[in-house]
There are 2 protein chains.
Amino acid sequence: MISSIAELISDRIGTMPAGERRAAQTLIANYPLTGLKTVAEFSAAAGVSSPTILRFVARLGFQNYPEFQSALQDELAAQLQSPASRTLNPSSAGSAVSPMLEATLDNMRETFRHLTDKQLADIAARLAERRGKTFLIGGRFTDPLARYMAAHLAIIQPDVYHLAGQESIWRDRLIDMGKRDVLVIFDIRRYQDSLVRFAEKAHQRGVQIILFTDQWLSPIARFARHVIAGRTAVPSAWDSSAALFVVAETLIAAVTRQLEAAGAKRIRDLESLR
Amino acid sequence: MISSIAELISDRIGTMPAGERRAAQTLIANYPLTGLKTVAEFSAAAGVSSPTILRFVARLGFQNYPEFQSALQDELAAQLQSPASRTLNPSSAGSAVSPMLEATLDNMRETFRHLTDKQLADIAARLAERRGKTFLIGGRFTDPLARYMAAHLAIIQPDVYHLAGQESIWRDRLIDMGKRDVLVIFDIRRYQDSLVRFAEKAHQRGVQIILFTDQWLSPIARFARHVIAGRTAVPSAWDSSAALFVVAETLIAAVTRQLEAAGAKRIRDLESLR
DNA sequence: GGGGCGCTGTATCTTATGTTACGTATTTTG
DNA sequence: CAAAATACGTAACATAAGATACAGCGCCCC
């Protein structure tokens, strides 16, 4: 079974004429980058002519050069998105829970790799500045995350509302939303039309939207001021929201830190109310 | 000091107009692959027009699109040649988010280290066997986890109920609970008296309790048939429920797998109801 | 509420990329 | 050793890619 193009090449390199073999060796030497460049650059790197490169990819079974490049990109995408395959942790072999945990840990690392401190700081700052109200809402499976975040934020600052229940209920809350307000939305596949509609209307009213979504980006990204794209793939029938959950906790921690002074007083006040 | 294009983007994303920001978010979401494709494909993925993409790369300081792609390729080449950079992300040293992430990852590893496959399998089996009803409930901050789990379990099997609202409401549900039923409780510090009382009464009725708690164990552990102790310490003012969240997802996956045959049919039926 | 500025998309154009045809060189085989 | 077949490169071609000009629109500020 041949899975990667590199294997395919090393499988057939023996049957290739000299020029094409030089092309193959050049590609393998710094795989797969040379293959992503133009035919002219590839040919120059290999020291052969352009047609030789094209004959080379034709011999590999590709109809044309772009098709070959697409295949390389797909392969690269798979490689970049599952760093698990490259760590190849053998100690965990045979265990049933491990794949799930490993995938989740990878998802988190990968999610944070695409997330800079500055982005998080910006979002936290926006959530901490108390100009307007903060609304949170989520989809079928992600609404608990919205609740979780709301439960914490509501303690350290006023005017934090979780939007629950039926669509018509939140739609009526739109009237209270304006430019100074923030709307935090959780939406992963399969994206919910109702949420998209709601986000659009909120956007039209000037509400700043912070979106938690998956790597394929909910259509709401179109209206969002900030987008957090978490990895969701795990060996399960369901997508995982764990990475988004951790981002949410990180943000909660950051906002709390920023509001330390004001927040501490508020928490004391709350305690005394019990 | 800005070293990678990703950092450059997140540095300037704040000053960008909506369309270009959308391009930026799309690129970051699965970086750097989208940037290696053609302008047309990039624009389609981002849902904007080609010129917007070109203006986007121009704003980043590149003379033209090919120059931008070359920069991405160079970056990718450097990354691929030193695989260490992906396991031990050096850029994150001294960063603000990293302690939070690191602590969370540690918590998860530690949580699962104290959790055997057999324990998880037993719990999953108990949740999958459909003799009685399944109830889920959580505390002030952990109730969203109960909701999350309930949202999934309710899809693959009947008689799954999340207990929400006021204490008096769930107390009244006790009358429906018996020996054949399962109660999943989430309770971490500070443990809630109301939950402890509820657990005790349920236990007296013969309900099997599955407890998600922290490493110091809620008093409910006394009544529980199964106890899952997750690590919660993170550098934040709040405790982290992330490890418990991942255990919950792992259990959801396991139960789903066990109910595969029955569950698949049920999911199809649900789909057809939409 | 009106005027100006800036952003975005459509349509057009230009460039350069991939592709093909053909002639020459090289190797292989009878 | 000769003839045929194969491989390779040069050069011309077609296509698709990136770039640009311009008009419409929304937004913000006065």
Select from T15(A) and Q69(B) the residue whose nearest nucleotide in DNA chain D is closer to the 5' end of that strand.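 Residue closer to the 5' terminus by nearest nucleotide: T15(A).
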Please give, in whole Å, the distance from [N] [atom2] to [X] [atom1]?
X      : N       : atom1 : atom2 : answer
R21(A) : dC8(D)  : CZ    : P     : 9 Å
R55(B) : dG18(D) : CZ    : P     : 15 Å
F56(A) : dT6(D)  : CZ    : P     : 21 Å
F68(B) : dA17(D) : CZ    : C1'   : 16 Å
N64(B) : dT14(C) : CG    : P     : 18 Å
Q63(A) : dT20(C) : CD    : P     : 10 Å
L54(B) : dT20(D) : CG    : C1'   : 10 Å
E67(A) : dT19(C) : CD    : P     : 10 Å

OP1 or OP2 of dG9(C) less than 4.0 angstrom from a side-chain nitrogen or oxygen of T52(B), does that happen here? yes
Counting side-chain heavy atoms from C-beta on, which of [options] comes nearest to [X]?
X      : options                  : result
S49(A) : dG9(C), dA19(D), dG9(D)  : dG9(D)
P51(B) : dT10(C), dG18(C), dG9(D) : dT10(C)
S50(A) : dT19(C), dG18(D), dC8(D) : dT19(C)

Report the C-alpha distance between E200(A) and R197(A) in whole Å, list the side-chain angles of each, state the deciding distance to 0.1 Å, and finish with yes or no for salt bridge (Lys or Arg N to Asp or Glu O under 4.0 Å). CA-CA 5 Å; E200(A) 181 168 14; R197(A) 282 196 299 271; over 6 Å; no
Check whether NZ of the Lys or CZ of the Arg R173(A) lies under 6.0 Å from the centre of the six-membered ring of Y161(A) and within 45 degrees of that ring's axis.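 Yes - R173(A) lies over the ring of Y161(A), closer than 6.0 Å to its centre and within 45° of its axis.
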Relative to the 5' end of DNA chain C, which residue comes earlier, A18(B) or P66(B), by the nucleotide with the nearest heavy atom?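 By nearest-heavy-atom nucleotide position, the 5'-most residue is A18(B).
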Any donor-acceptor N/O pair, D181(A) side chain to F135(A) backbone, under 3.5 Å: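 Checked: no pair found.
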Under 3.5 Å: donor-acceptor pair, side chain of Q215(A), backbone of A229(A):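 Not a single qualifying donor-acceptor pair exists.
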Only pairs under 3.5 Å count here: list side-chain donor-acceptor contacts from residues 217-226 of chain A, not counting sequence neighbours, and write none if there are none.
unit_1, atom_1, unit_2, atom_2, d
S218(A), OG, D187(A), OD2, 2.8
S218(A), OG, I220(A), N, 3.0

